[in-house]
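Step one of this worksheet: look at the structure below.
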Amino acid sequence: MGQGASGAMPRYNPQVIEPKWQRYWEEHQTFRTPRLPEGQKYYVLDMFPYPSGEGLHVGHPEGYTATDIMARYKRMRGWCVMHPMGFDAFGLPAEEHAITKGVPPQESTYRNIANFRRQLKMLGFSYDWSRELATTDPDYYRWTQWIFLVLFDTWFDPQQQKGRPIAELPIPEEVQAQGPEAVEQYRDEHRLAYQAEALVNWCPALGTVLANEEVKDGRSERGGHPVQRIPLRQWMLRITAYADRLERELDLVDWPEGIKALQRNWIGRSEGAEVDFFIGSQEEFQQWRQRRQQTGFPRKPEPNVLRVYTTRPDTLFGATYMVIAPEHPLLDQLTTPEQREQVEQYRRQAATKSDLDRTDLAKQKTGVFTGSYAINPVNGREIPIWVADYVLMSYGTGAIMAVPAHDERDFEFAQQYHLPVVAVVDPEQAEGVDREAVLAGRVAFTGPGRAINSGPYNGLTTEEFKRRITEDLARQGLGRFAVNYRLRDWLFSRQRFWGEPFPILHELDDQGRPTGRVVPVPEEELPVLLPQIDDYKPIGRPEPPLEKAPPEWLYVQRDGKRYKRETNTMPQWAGSCWYYLRFLDPKNQQRFVDPEVERAWMPVDLYVGGAEHAVLHLLYARFWHKVLYDRGYVSTPEPFMKLVNQGMILGEVEITGYQDAEGRWVSADLVASDDEDRPVHKQTGQELRAVKIDPQQAEKRQNRFVLKEHPEIRLESRAYKMSKSRGNVVNPDHVVQQFGADALRLYEMFMGPLEATKPWSMDGVSGVRNFLDRVWRLVIDQHAPQMQLHPAVADVEPNEEQLRVLHRTIKAVTEDIEKMSFNTAIARMMEFVNFFTHQDPRPKRALEQFVLLLSPFAPHLAEELWQALGHEQSLAYEPWPEWEEKYVKQETLELPVQVNGKVRGRITVPADADQEQIKQAALSDEKVAAYVQGKQVARVIVVPGRLVNVVVR
RNA sequence: GCCGGAGUGGCGGAAUUGGCAGACGCGCCGGACUCAAAAUCCGGUGGGGCUCACCCCCCGUGUGGGUUCGACUCCCACCUCCGGCACCA
């Protein structure tokens, strides 16, 4: 360096300035938010993290930086911003850790939280840390329990489509007549939180049951362990009651269409009809039909009736057999003595089959004839009733009418067991359909067409037929219009320690056996704290660890009766269902949130998080919110107005080649993967070795990468999900150490659109760090012995050109932030710096405006420069720069001139030139004239401000 | 199979009420500074062609068609990749 005092030279040093400003913000409570908004409010929320032992992942700061930019920007625009952070801290990993290492979950959880908090603060996010919460705080889960009690105290009124207090549930007379116990039972059957003996997804390896949402292909989503179906008493939440509103009210929110589609898909609403099939003799059938004419369609079918749900009532005449699920309650009654043995065996088989087996065997359908017949209500024909596990008890009525001619599954089953196929829909000229084969029953046709073989309905279109027959069936009391949902009720209990205890007591009799009666723990006694236990291990039986709690916790004496506490705990999703409300009033000891505060801040204006929560968290939270809304505890029907999903960040791009055992290269197009995802040779099946290739050794030919030395060997070039096993995980601590927090923030925003999946690149980080260095040198004289402004920085008025660049930058950056198009906003700022680096003098005023523009993205650097420019206070509440249109507009425009669509020249015209002037200028341009010469000008298209196209012949 | 999303230089990406394809950054090449290196600064960089004398020409946004004066953008058919669902009657 040659200069003695080089250490004192004011270089850009994030290691020093970042902690400095973090300390400043903390000391000055810069981002403290008032109880009630002052002026216009803006609630910007991140999906709070699960504090894992690994610490922050580079995926976290992506969304967090985006929201932080919005928060800082809005503050400078004068909005009152709510921007909190907390931790979703209940969950399996802490408990697994407790089991293997013997560390109590409380301890490891709070240690992990401390680490997360440190990392988040290191990145300079402008959270109001005084609102921090963790779902594991007794002061928080007290209110999670309280909301559970609200759910317990609520029934859904289908008339009003609304949750109401259980006390308002109308009790039918016949129930009333059976006494108070029956009434209580009737109430319990209608609560949104209820107990059921449910077939649950029991995972022996995890020692808990799982929600349907947590099971993928018969294995647990976490860990990939096998899952079995066993019956167990469980707490359920009646989310299906809200299915309709959860779907319909998606219209109220500004979410990506893709996420809405995902939720609609999950809810899976379908319309069709319920139809009753009589089981008995022809004579009885006639009487039954007549009776039904009078009574209409009953709420529950009589025992001699099989009720089915179908979306295609128009194919009723094509029903050639029926199928009921193995768990169907009528199965016993329908099974004839001759068939009993077979049916029993089949039922046992189906019951012990795990979901995994059921999926594996999906290719081959199985079933057994019950021996009974049902009578088709529309034509009086008798058809056999089968039992098969391709029909699910949990959907519709657990029974179907099978129409093999017009349903793929029924067709497959009919082929398997040689059941008749009768076509009742003529596909006519439907594209790509073999009409002859359909009519002959050789293939299934599932599309719409025209009715045949359907008696009086022949000739109707599918659409028309559906409507007519549904009406006709309803009039005769044989069927009714019906809606079904794929969505199931939410299995809400877990056999784990590290979750919220249920505020529920089970009454015991004199022998200490449960009577079946449950009572809620009174609100004043909340929270029900987790007890101290020494052994967290699941027992291997579906019996919760809380069974091992000390008796003084487990047993409660009340009004002379003994009660045992509920020992299941709530699933991890519980805490995240309402945290956005608690942030508004985190210290409130009287209520879960003060209504005044709630009304002032809700709804969340912007919610950012990963798409992996598209169905689970977002559906559950919306459900709870709607219940709270119906019960008058919150003021908005939906919690999250605008939702943005940040994309995944992948590891660095890797180029991979493949070699066989002898070390010979194998072209990537000859490589397949086996069951365990290992590479094998497509033809020989031989196992191959994946080799990481240095980019220097590869080159691109056409659209593929090949080995430079052997161009016939194709390589694979792609980025993979970050994972410990692949060793491509990027640690934010290291990035901050090496490049600084501002560089990390800026890079994550510069990588590409927020929503896109994008690969990490350390070179990219150093690129934006380079930009920050240039910003520093734009303002600071780094060769001076101490901190001082660059000599070119002067208190002068900007010239015309500088004003233009400045104002265009302000406009572009502002509009890009509004669109959350952060990558392009950063590109605009880079252009500004490229331009102003060459300016001498550099007007201080212009630089100040620029520093303000930069501040939401790189807040530490911006604060430091703001101070160097002579300001004493933080820039966090400085007014956002405004642009003036007169500097943004151009006086003259350079327009390209095309001849027959190809650019052949360019002209310069005044910005306000009219079409005729532009046309003349274009035609008189030398180059254009050369192309036009000797040809006929057919048309001249002038697009103001864009281009001119001369069409010649 | 069904539902979403995406295919643009060596790489990340920019540009759509249809109007100059490749902004900005990385990488690479060349130059300046230096004894040298790092850092920094300047210039170049889609492919091909040309007497490549810096001018000009042709091709080019996954593939094939179409609409249009004009298509990365709209329409039809298809291919590939990513995400989700998957016996839901």
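To find a chain, count down the sequence lines: A is the first, B the second, and so on, and within it residues start at 1.
Closest to the side chain of A:Asn823, from the set B:A23, B:G13, B:C85, is B:G13. Distance from the side chain of A:Leu262 is smallest to B:G84 among B:G84, B:U40, B:C82.
Each of A:Ile826, A:Leu744, A:Val768 was compared with A:Met749 under the side-chain contact (heavy atoms from CB on, under 4.5 Å) criterion, and only A:Ile826 meets it.
Residues meeting the salt bridge (Lys or Arg N to Asp or Glu O under 4.0 Å) test with A:Arg726, sequence neighbours left out: A:Glu654. Partners of A:Asp276 by side chain to side chain donor-acceptor pair (under 3.5 Å), not counting sequence neighbours, listed by chain and number: A:Arg292, A:Arg307.
Salt bridge annotation for A:Glu62-A:Lys758: present, with a cationic side-chain nitrogen under 4.0 angstrom from a carboxylate oxygen.
Between A:Asn770 and B:U40 there is a side-chain polar atom (N or O) within less than 4.0 angstrom of OP1 or OP2. OP1 or OP2 of B:C11 has not a single side-chain nitrogen or oxygen of A:Ser761 nearer than 4.0 Å. Look at A:Arg264 and you won't find any side-chain N or O under 4.0 angstrom from OP1 or OP2 of B:C85. Between A:His838 and the phosphate of B:C42, there is a side-chain N or O to OP1/OP2 separation shorter than 4.0 Å. Dashed line: the shortest gap from a side-chain N or O of A:Arg774 to OP1 or OP2 of B:C41 is under 4.0 Å. Dashed line: the shortest gap from a side-chain N or O of A:Arg11 to OP1 or OP2 of B:A39 is not under 4.0 Å.
One N or O donor and one acceptor, one from the side chain of A:Arg906 and one from the base of B:C20, sit under 3.5 Å apart.
Residue A:Pro753 is in sugar-phosphate contact alone, with no base atom involved, counting any heavy-atom pair closer than 4.0 Å across all strands shown.
A:Tyr747 and A:Trp760 have their aromatic ring centers within a separation under 6.0 angstrom.
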Under 4.0 Å protein heavy-atom contacts per nucleotide of nucleotides 53-78 of chain B, with B for base, S for backbone only and - for none: ---SSSS---------B---------

